Protein chains: 2
Amino acid sequence: MAEESRTGAGGRLRESESGGGARGRRAVAAPKKFSREQVAAAALRLTDTRGLEALSMRTLAAELGTGPMTLYNYVDGREGLELLVVEAVLEGADWPETGSGDWRDDVRKLAEVFWRTIRSHPHVIPLIAERRTVDEPILDFGERMLEALARSGRSGRELLVAFRLVSGFIVGFTQGAAGRALISPGGESASAVIARARTLDPERFPRVVEIATASVEGDRTGEFRAGLDLLIAGLAADARPGGGREG
Amino acid sequence: MAEESRTGAGGRLRESESGGGARGRRAVAAPKKFSREQVAAAALRLTDTRGLEALSMRTLAAELGTGPMTLYNYVDGREGLELLVVEAVLEGADWPETGSGDWRDDVRKLAEVFWRTIRSHPHVIPLIAERRTVDEPILDFGERMLEALARSGRSGRELLVAFRLVSGFIVGFTQGAAGRALISPGGESASAVIARARTLDPERFPRVVEIATASVEGDRTGEFRAGLDLLIAGLAADARPGGGREG
DNA sequence: CTCCCATCAAGTACGGTGTACGTGAACTGG
DNA sequence: CCAGTTCACGTACACCGTACTTGATGGGAG
């Protein structure tokens, strides 16, 4: 797993940042031109400002002032590029301490940090939604969440169900709150949703229109918490009676 | 619906269309070469057999024995093509009668039909997940689900939360059960998941590995029902006391 | 009848994508 | 000095969606 690009481990790599004044007798070549973090930051910046469809090998390369193929020295193809962006987003989160207190609190805390983190990069949401069973940084979060859920006395199939419930809710809610077509690259989410709801026939979709409106007017975080609390209550009610601690 | 006239190879034959407009001056020049249903069926077949990434204007056109641009006479670009596939999938469902009995039963019935319908076309799942707030056939389902949920005594924000909970669960569960990278175009889902789980470090992701294994061994439909029941129980417990009927 | 031209099917071509391949420059250890 | 290795990156290919253009068709007007 850990076979990252261990190419730079030779020791001699002098980063090409604004280091010492004599920045080189030579033009660039043997030491890496960028750090992986630089690439990640550029990719995330690109995605945040110009949307997910603007993220391509070529645009990113242009952003960095280099050619497309150079990126393949930092990233394992398009797939790896997306992974890099997801990583960059999740690294920005500061995960809470969990594992000791009430599992409900931990579930809540974890979910909330995830929610807040993701929401600050709305364009990345589709990426996270479709890659959540693949990327390690997400699985890392999943593992913590599972640990908390396990303390409700679940394991095996029940744990699986509980996890799917929670993660499905988180991703679904996030996705629904700022879905692909409802948020435009420009970024005016609210008006876009409203506009979209307006085009719907209110006779055919009365309640869809109703909740679409409610969704725009309400505060999403409050709704997220409400849904999560409901979910946690359900999980607690269903938990194996003696299983407040691990049974 | 538009009735189709099948043309042989190479020629287009005139056909008096139903409702052939006496639009004054000109009559129709040529009948359509395919029916919309033919196109939809071909698109769905293509997606089912060769995966979502094989669905393109060009491949579909080739499948139909015509050129790419011809499709634009039947479908509004790539976007419309995806809509067509989603439509084709959801049209295959036979929706239950709802609206009269217990809302819990209706939620269950609707969710289950949706689940079963979608699962029979696993490659379309990502499409449905990301287009669920956009496509009318999906909104149609959403409207029915909302109607059922409303009978738990909710409206406005609470209804929104309940809906997000349920639909997030459905989509999340489906997506998780047969996600993009976990199911390969070839179609060997179970072994792929196992293989994936094997590559994970069990020290770092002990519980992820545990539920991944459980997920392969268990029957998904049972887990889906279990999660759904838990969710419904939570919704029922939280329902406004007097609100068994619409209040 | 002939001719016109509205209409729709379909081809060509353009600008995009991801990336295999190859070349060559810069460094390192012998 | 000379391999050998690592990296930058230009070129090229196969693919994508689709704007634009062409071409066939056949009803009405003359």
Side-chain angles (χ1 to χ4, degrees), chain A residues 4-16 23-36 38-39 43 46 50-85, chain B residues 2 4-17 20-36 38-39 43 46-47 50-85:
Chain A
E4 300 269 313
S5 66
R6 82 179 23 275
T7 57
R12 82 210 182 231
L13 73 96
R14 174 78 217 110
E15 302 293 28
S16 73
R23 200 259 292 202
R25 359 191 291 99
R26 302 294 177 196
V28 291
K32 288 206 161 194
K33 203 172 172 184
F34 314 103
S35 70
R36 205 175 144 89
Q38 278 177 300
V39 178
L46 195 58
R50 294 172 47 197
L52 194 54
E53 76 285 345
L55 179 70
S56 77
M57 292 293 184
R58 287 174 152 86
T59 53
L60 179 56
E63 178 92 3
L64 288 166
T66 182
M69 286 301 116
T70 302
L71 296 178
Y72 283 78
N73 294 314
Y74 299 87
V75 135
D76 181 21
R78 172 70 204 227
E79 191 87 2
L81 178 57
E82 296 182 350
L83 171 61
L84 195 66
V85 173
Chain B
E4 100 265 16
S5 54
R6 187 159 303 100
T7 77
R12 46 184 80 119
L13 60 93
R14 228 200 60 71
E15 181 67 58
S16 52
E17 276 275 308
R23 218 231 319 268
R25 319 167 49 72
R26 300 291 170 194
V28 280
K32 300 203 160 192
K33 201 171 173 186
F34 313 103
S35 71
R36 205 177 143 87
Q38 280 177 298
V39 178
L46 196 59
T47 309
R50 293 172 47 197
L52 194 54
E53 76 286 345
L55 179 71
S56 77
M57 292 293 186
R58 287 173 148 89
T59 54
L60 179 56
E63 178 93 2
L64 288 166
T66 184
M69 292 324 276
T70 302
L71 295 177
Y72 283 76
N73 293 313
Y74 299 86
V75 134
D76 183 21
R78 172 69 204 227
E79 191 88 1
L81 179 57
E82 295 182 351
L83 172 60
L84 195 66
V85 172

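A, B, ... follow the sequence lines: proteins, then strands. Residue 1 opens every chain. None of the values given here were measured: they were computed from a predicted structure.
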Check this one for me: any side-chain N or O of Thr66(B) less than 4.0 Å away from OP1 or OP2 of dA10(C)?
yes

Provide, to the nearest angstrom, the distance between the CZ atom belonging to Arg36(A) and the C1' atom belonging to dC7(D).
16 Å

In this structure, how many angstroms lie between the P atom of dC15(D) and the CG atom of Leu60(B), rounded?
17 Å

Without decimals, in angstroms, what is the distance between Asn73(A) CG and dT5(D) C1'?
13 Å

To the nearest angstrom, the CG-P distance between Leu81(A) and dT17(C) comes to 12 Å

Rounded to the nearest 0.5 Å, how far does CG of Leu46(A) lie from OG1 of Thr59(A)?
4.5 Å

So which protein N/O to nucleotides 18-21 of chain D N/O distances come out below 3.5 Å?
| residue | atom | partner | partner atom | Å |
| --- | --- | --- | --- | --- |
| dT18(D) | OP2 | Tyr72(B) | OH | 2.9 |
| dT18(D) | OP2 | Arg78(B) | N | 2.7 |
| dT18(D) | O5' | Tyr72(B) | OH | 3.1 |

CD of Gln38(A) to OH of Tyr74(A), rounded to nearest 0.5 Å, is 8.0 Å

dA10(C) phosphate, OP1 or OP2: any side-chain N/O from Thr70(B) under 4.0 angstrom?
yes

By side-chain contact (heavy atoms from CB on, under 4.5 Å) - contacts of Thr66(A) (at least two apart)
Lys33(A), Phe34(A), Ala61(A), Leu64(A), Thr70(A)

Listing request: all salt bridge (charged side-chain N to carboxylate O under 4.0 Å, His left out) pairs with a residue in residues 65-75 of chain A, at least two apart in sequence or in separate chains.
none

Output the rounded distance in Å from OH (Tyr74(B)) to C1' (dA9(C)).
8 Å

When rounded to the nearest 0.5 Å, the distance separating CD of Glu82(B) from OG1 of Thr47(B) is 9.5 Å

Lys33(A) has its side chain closest, among dG18(C), dA10(C), dC9(D), to dC9(D)

Under 4.0 Å, heavy atoms only, any strand: does Ser56(B) hit a base, just the sugar-phosphate, or nothing?
sugar-phosphate

Is any side-chain heavy atom of Leu60(A) closer than 4.5 Å to a side-chain heavy atom of Val39(A)?
yes

